[in-house]
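Some notes on the structure that comes next.
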Number of protein chains: 2
Amino acid sequence: MSELHLKNALDTLKKTGVRITPQRHAILEYLIESMSHPTADDIYKALEHRFPNMSVATVYNNLRVFREAGLVRELTYGDNASRFDFVTSKHYHIICESCGKIVDFHYPGLDEVEHLAAHVTGFKVNSHRLEVYGICPECAKKENQTEE
Amino acid sequence: MSELHLKNALDTLKKTGVRITPQRHAILEYLIESMSHPTADDIYKALEHRFPNMSVATVYNNLRVFREAGLVRELTYGDNASRFDFVTSKHYHIICESCGKIVDFHYPGLDEVEHLAAHVTGFKVNSHRLEVYGICPECAKKENQTEE
DNA sequence: TTATTTATTTATAATCGTTATAATTAGTTT
DNA sequence: AAACTAATTATAACGATTATAAATAAATAA
Ligand SMILES: [Mn+2]
Ligand SMILES: [Mn+2]
Ligand SMILES: [Zn+2]
Ligand SMILES: [Zn+2]
């Protein structure tokens, strides 16, 4: 499953003339296998034992390469560090306001919102961003325990 | 109209024991009357002729005070500076990917998405964030003119 | 009113994520 | 192998924001 994703991603990169370096391979592999939404620094820390000399700039550079190749989506959050999501199926995110955890969920596209927005504003619509915020089950449990 | 908004906002602040300083008054006034989504620096620049000694930290401090009082919403965009929106009616934003313009539009709440997300993830849902991205009419016109 | 307390502002330094730069290294092509 | 080019590294710079501490202004007490 994840091997196939990795193989396809490497093929995509090769096709656009991007060299497959050990660092690139490792970053992609980590993104796919971690199944999470790591920051650049998460990735850097996860790989530093295998690449003791790797620069954090390399992580950022390659995440940009992957993004431009359409392999990775960058999730931005104001002040906080961006998180990166290997692109598989289209999905949305729900985010815990207590611990920051990000969980995927699927929902049929919000075409109607895009159409209405285009209609009332005259914009040519390209995309939308939707996130749901709340408290994850684990944090909710903790809160109940601590509560008076 | 905007005078009433300002008056209500000042009342809200007074009720929570926040002093109404000339700087606070001016920042609030600007937020309400500009009818736009300025950055902290936009506000700072707009008021520097009236308050030549005002610090940019004062703008940030007060925007935080306003946000905590529920008067202002902060719109965050990754690397770029936050934009601030005086809270009136609930609405969404459509953002031009070419010039950065932000335009309001109204849409009935997306309760269904929140419910589904809560159901499939077990989260306690508090809110959501939706933005539509595209090209504004002005930028679209420019692009067509430049095109081959 | 004057003195005292407390909130706010100012000036400035620090922080943090990210990007730019330049030198070095590694991969590719001839 | 030599030459060329892409990628990595080390490090400095950047920009938005926050922290700090001193100065000032507002509110309250005397
Ligand atoms: Mn995801
Ligand atoms: Mn708005
Ligand atoms: Zn949580
Ligand atoms: Zn535009």
Side-chain angles (χ1 to χ4, degrees), chain A residues 9-10 12-30 37-69 71-85 100, chain B residues 9-10 12-30 37-69 71-85 100:
Chain A
L10 294 173
T12 302
L13 290 176
K14 270 182 210 150
K15 260 176 221 149
T16 55
V18 174
R19 291 181 186 167
I20 311 303
T21 65
Q23 293 91 336
R24 275 191 184 142
H25 193 282
I27 294 170
L28 259 185
E29 202 176 28
Y30 181 78
H37 304 86
T39 64
D41 202 58
D42 290 337
I43 299 170
Y44 176 68
K45 284 195 170 61
L47 300 180
E48 67 180 350
H49 66 288
R50 284 172 57 195
F51 298 88
N53 294 321
M54 185 166 65
S55 168
V56 70
T58 297
V59 178
Y60 279 103
N61 286 341
N62 288 324
L63 288 170
R64 177 155 33 90
V65 169
F66 300 158
R67 172 162 51 77
E68 287 167 355
L71 294 174
V72 161
R73 181 154 300 143
E74 181 174 359
L75 313 172
T76 63
Y77 298 103
D79 234 11
N80 304 114
S82 287
R83 294 172 169 277
F84 295 86
D85 198 6
Chain B
L10 293 173
T12 302
L13 290 177
K14 270 181 208 147
K15 261 176 220 148
T16 56
V18 174
R19 291 179 186 170
I20 311 303
T21 65
Q23 294 92 334
R24 274 190 186 144
H25 192 283
I27 294 170
L28 258 185
E29 203 176 29
Y30 180 78
H37 305 84
T39 63
D41 202 58
D42 291 337
I43 299 169
Y44 176 67
K45 285 196 167 61
L47 300 180
E48 68 180 350
H49 67 288
R50 285 171 58 196
F51 299 89
N53 295 321
M54 185 166 65
S55 168
V56 69
T58 298
V59 178
Y60 278 103
N61 287 341
N62 287 325
L63 288 170
R64 177 153 33 90
V65 170
F66 300 158
R67 172 162 52 76
E68 286 167 356
L71 294 174
V72 161
R73 181 152 302 143
E74 181 175 359
L75 314 172
T76 63
Y77 298 103
D79 234 11
N80 304 115
S82 287
R83 294 173 168 278
F84 296 86
D85 197 7

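Everything numeric in this text was worked out from a predicted model, so none of it was measured. Proteins come first, then strands; the chains are lettered A, B, ... in the order of their sequence lines, and each starts at number 1.
- For the pair B:I20 CD1 and C:dT8 C1', the computed distance is 12 Å after rounding to whole Å.
- Rounded to an integer number of Å, the gap from B:H25 NE2 to D:dA26 P is 14 Å.
- The distance from atom CD1 of A:I43 to atom P of D:dT8 is 14 Å, rounded to the nearest whole Å.
- Comparing C:dT6, C:dG27, D:dT8 by their closest approach to the side chain of A:P22 singles out C:dG27.
- Between A:T12 and A:A69, the closest heavy-atom pair is CG2-O, 4.2 Å.
- Rounded to the nearest 0.5 Å, atoms CG (B:N62) and CG (B:L71) are 11.5 Å apart.
- Looking at which nucleotide of DNA chain D each of A:Q23 and B:F84 is closest to, the 5′-most match is held by A:Q23.
- Note that CD of B:Q23 and CE of B:M54 are 7.0 Å apart. Values are rounded to the nearest 0.5 Å.
- Where A:D79 and B:A57 meet DNA chain C, the nucleotide closest to each residue was compared, and B:A57 sits on the side nearer the 5' end.
- Side-chain proximity of B:N61 to D:dT9, C:dT10, D:dA27: nearest is C:dT10.
- At a threshold of 4.0 angstrom between heavy atoms, the contacts of B:T39 with the nucleic acid are absent.
- Between B:Y44 atom OH and C:dA11 atom P the separation is 8 Å, expressed in whole Å.
- Here the nucleotide nearest the side chain of B:A81, chosen from C:dT8, D:dA6, D:dA16, is D:dA16.
- As a whole-Å value, the separation of A:R67 CZ from C:dT18 P is 11 Å.
- Distance, A:L13 CG to D:dA6 C1': 14 Å, rounded to whole Å.
- Distance from the side chain of A:R19 is smallest to C:dG27 among D:dA27, D:dT17, C:dG27.
- For the atom pair OH (A:Y30) and NZ (A:K45), the distance works out to 11.0 Å, reported to the nearest 0.5 Å.
- Protein atom CZ of B:F51 is 10 Å distant from nucleotide atom P of C:dT9, rounded to whole Å.
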* To do: Treat a base pair as Watson-Crick or G-U wobble with both distances under 3.5 Å, then lay out DNA chain D in dot-bracket form, 5' to 3', with | for cross-strand pairs.
  => ||||||||||||||||||||||||||||||
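- When heavy atoms are screened at a 4.0 angstrom cut-off, A:N62 is found touching the sugar-phosphate backbone but no base atom.
- Here the nucleotide nearest the side chain of A:Y60, chosen from D:dT9, C:dT18, C:dT10, is C:dT18.
- Here the CG atom belonging to A:N80 is positioned 8.5 Å from the OG1 atom belonging to B:T76, to the nearest 0.5 angstrom.
- Annotation: of the two residues near DNA chain C, B:N53 and B:V18, the 5′-most nearest-nucleotide partner is B:V18.
- Nucleic acid contact class of B:T58 (heavy atoms, under 4.0 Å, all strands): base.
- In this structure, the nucleotide among D:dT8, C:dA11, D:dA26 sitting nearest to the side chain of B:S55 is C:dA11.
- In this structure, the CZ atom of A:R24 is 6 Å from the C1' atom of D:dA7, given to the nearest Å.
- The structure places CG of B:L13 at 6.0 Å from CG of B:L28, a figure rounded to the nearest 0.5 Å.
- There is a side-chain donor-acceptor pair under 3.5 Å between B:D42 and B:T39.
- Rounding to the nearest 0.5 Å places CG of A:D79 at 14.5 Å from OH of A:Y77.
- Within the 4.0 Å cut-off from OP1 or OP2 of D:dA25, not a single side-chain nitrogen or oxygen of B:T21 is found.
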